[in-house]
Amino acid sequence: MKARRAYLWLHALSTVAVLAAAFDPITTTVAVSIGAALSRTLYQYLLESCNSNWIAFNATSLEENLSTKLFGQHLASHIITKAVSGFMNNPNPKKPLVLSLHGWTGTGKNFASALIAENIYKKGMDSNYVHIFTAELHFPHAGQMDTYKTQLQQWIRGNVSSCAHSMFIFDEMDKMHPGLIDSIKPYLDYYDKVDGVSYRKAIFIFLSNAGGESIVQTTLDFWNAGRSREEIELKDVENSLALSVFNNKRSGLWHTSLIDKNLVDFFVPFLPLEYKHVVQCAVAAMRAQGLEPDTVVADKVAADLLYFPKAERVFSVKGCKTIDSKWEYYT
């Protein structure tokens, strides 16, 4: 559809050019002006820009996507929906939105980040205004901390200067060198501007396995007490999670001023997934390939994964991490 529209625009431009050559100078000037206007429209249509044509938040879609596609995460879905909606619908936020997503591998942290991006930016994760940093890829050497801090500050400043509604995702925070993330603390604070740049409309998302043990323990306590996971509320997890992350020496958030100064708006817990959620992931993977879901195959995939407690096999050790690469083996 996009390619056809672009073709029609180009056809219109070429028609204007042909007509311009056939008329007198005055008519030609008018035709050229029309052609220039069409060119600008085509340029804005094809090239992503920092405006409402390319950046438009869809709260209803985000809520629906999180509730139907993010399996087993009622708490994370609710927190993210409320936090992002409140922020995006505020024309004058006092600070950037800062979310810290925590949980074991395969529980949906990256997927949730992608859903947020898809419901804000027309191009989703492919948008020029969504920036991803991975600890081991972008900041591998502990001896180059000063260089990394400078580069990170310059990168964020440059991108926010170009588009106030920029999003920054920091993956593998548990592998980031402690102290590095503090270099961007001024950008997350309650400042109108920092060196002439306002960061108040930007979004920062941290993804980490740190604190996962605390989340798992709370989930296990509820299960052992015979209570449903859906009964778990933020108050049951948040304080212990924040404390666990703050005191984790192997985490990039260890003793960080971001936590100490309460600049993280929400610590979002991702609960360990159960057998039924793994089955849902396998079914979703089949649908994503355009295939009719086979519940027998989905059950086989789920059955072969590791679970804990060992005897009861309730929670998946790796969540849905390997589902995409495994389900085809069983067909």
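Residues take their numbers from the sequence shown, with the count starting at 1. The figures here come from the full heavy-atom set of this structure, side chains too, leaving out hydrogens, waters and symmetry mates.
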Checklist entry - Quick one: salt bridge (charged side-chain N to carboxylate O under 4.0 Å, His left out) pairs with a partner in residues 196-206, sequence neighbours left out? => result none

Checklist entry - Should F204 and I156 count as side-chain neighbours, where that means a heavy-atom distance under 4.5 Å? => result yes

Item to check | M286 CE to C281 SG distance, which is reported to the nearest 0.5 Å | outcome: 11.5 Å

Checklist entry - How many angstroms lie between CG in L271 and OG1 in T218, if you round to the nearest 0.5 Å? => result 9.0 Å

Item to check | Pairs touching residues 86-104 that satisfy salt bridge (charged side-chain N to carboxylate O under 4.0 Å, His left out), sequence neighbours left out | outcome: K95-D265

Checklist entry - With no hydrogens and no angle check, do the side chains of S208 and E172 hold a donor and an acceptor under 3.5 Å apart? => result no

Next on the checklist: More than 12 heavy atoms of other residues, nucleotides or ligands under 6.0 Å from CD of Q153: yes or no?
Outcome noted: yes

Checklist entry - To the nearest 0.5 Å, how far apart are CD1 in I169 and CE in M173? => result 13.0 Å

Checklist entry - So, do E48 and K123 sit near enough that their side-chain heavy atoms are less than 4.5 Å apart? => result yes

Next on the checklist: Would a single hydrophobic cluster contain both L115 and L273, if residues Ile, Leu, Val, Met, Phe, Trp and Tyr are joined by side-chain heavy-atom contacts under 4.5 Å?
Outcome noted: no

Checklist entry - Do T295 and V279 have side-chain heavy atoms sitting under 4.5 Å apart? => result no

Item to check | All pairs passing salt bridge (charged side-chain N to carboxylate O under 4.0 Å, His left out) where residues 298-316 contributes a residue, at least two apart | outcome: none

Next on the checklist: When you compare the side chain of K193 with that of V197, does any pair of heavy atoms fall below 4.5 Å?
Outcome noted: no

Item to check | Residue pairs fulfilling side chain to side chain donor-acceptor pair (under 3.5 Å) with at least one residue in residues 74-88, sequence neighbours excluded | outcome: none

Checklist outcome for this item: By side chain to side chain donor-acceptor pair (under 3.5 Å), T256 pairs with (sequence neighbours left out) D182

Item to check | Those residues that, when tested against D324, pass salt bridge (charged side-chain N to carboxylate O under 4.0 Å, His left out) (two or more places apart) | outcome: none

Checklist entry - With sequence neighbours excluded, what pairs up with K261 under the salt bridge (charged side-chain N to carboxylate O under 4.0 Å, His left out) test? => result none

Next on the checklist: I need the I215 CD1 to L241 CG distance, nearest 0.5 Å.
Outcome noted: 5.0 Å

Next on the checklist: When you compare the side chain of N209 with that of K175, does any pair of heavy atoms fall below 4.5 Å?
Outcome noted: no

Checklist entry - Any chain of hydrophobic side-chain contacts (each under 4.5 Å) joining V278 to L291? => result yes

Next on the checklist: Show me the pairs that pass ring-ring contact (aromatic ring centres under 6.0 Å, His included) and involve residues 267-287, at least two apart or across chains.
Outcome noted: H102-F267, Y275-Y307

Checklist entry - How many angstroms lie between atom CG of L188 and atom CG of L258, to the nearest 0.5 angstrom? => result 5.0 Å

Item to check | N119: which of N65, T60, N58 passes side chain to side chain donor-acceptor pair (under 3.5 Å) | outcome: N65

Next on the checklist: Quiz question: by atom type and distance under 3.5 Å, do the side chains of D174 and N248 form a donor-acceptor pair?
Outcome noted: no

Item to check | Members sharing L220's hydrophobic cluster (side chains within less than 4.5 Å) | outcome: W104, V216, W223, L306, F308, V314, F315, V317

Checklist entry - Going by side-chain heavy atoms closer than 4.5 Å, which hydrophobic residues are tied to F71, directly or by a chain of links? => result none

Next on the checklist: Looking at E230, I want to see if its CD is surrounded by more than 12 non-hydrogen atoms of other residues, nucleotides or ligands under 6.0 Å.
Outcome noted: yes

Next on the checklist: With a 3.5 Å distance limit and no angle check, can you tell me whether N90 reaches the backbone of G86 through a side-chain donor-acceptor pair?
Outcome noted: no

Checklist entry - Can you say whether the rings of H131 and W155 are parallel (under 30°), tilted (30 to 60°) or perpendicular (over 60°)? => result perpendicular

Checklist entry - Is there a side-chain contact between D171 and F206 (heavy atoms, below 4.5 Å)? => result no

Next on the checklist: Please list all pairs meeting salt bridge (charged side-chain N to carboxylate O under 4.0 Å, His left out) that have one or both residues in residues 266-293, counting only residues at least two apart or in different chains.
Outcome noted: R229-E274

Next on the checklist: Quick one, L75 and I232 - any side-chain contact, counting heavy atoms below 4.5 Å?
Outcome noted: yes

Checklist entry - Could you give the distance from CG (L101) to CD (Q73), rounded to the nearest 0.5 Å? => result 9.5 Å

Checklist entry - Looking at residues at least two apart in the chain, or sitting in another chain, which of them share a side-chain contact (heavy atoms from CB on, under 4.5 Å) with S162? => result none

Next on the checklist: Check the orientation of Y121 and Y129. Use parallel for under 30°, tilted for 30 to 60°, and perpendicular for over 60°.
Outcome noted: tilted

Checklist entry - Do the non-hydrogen side-chain atoms of Q217 and S214 ever get within less than 4.5 Å of each other? => result no

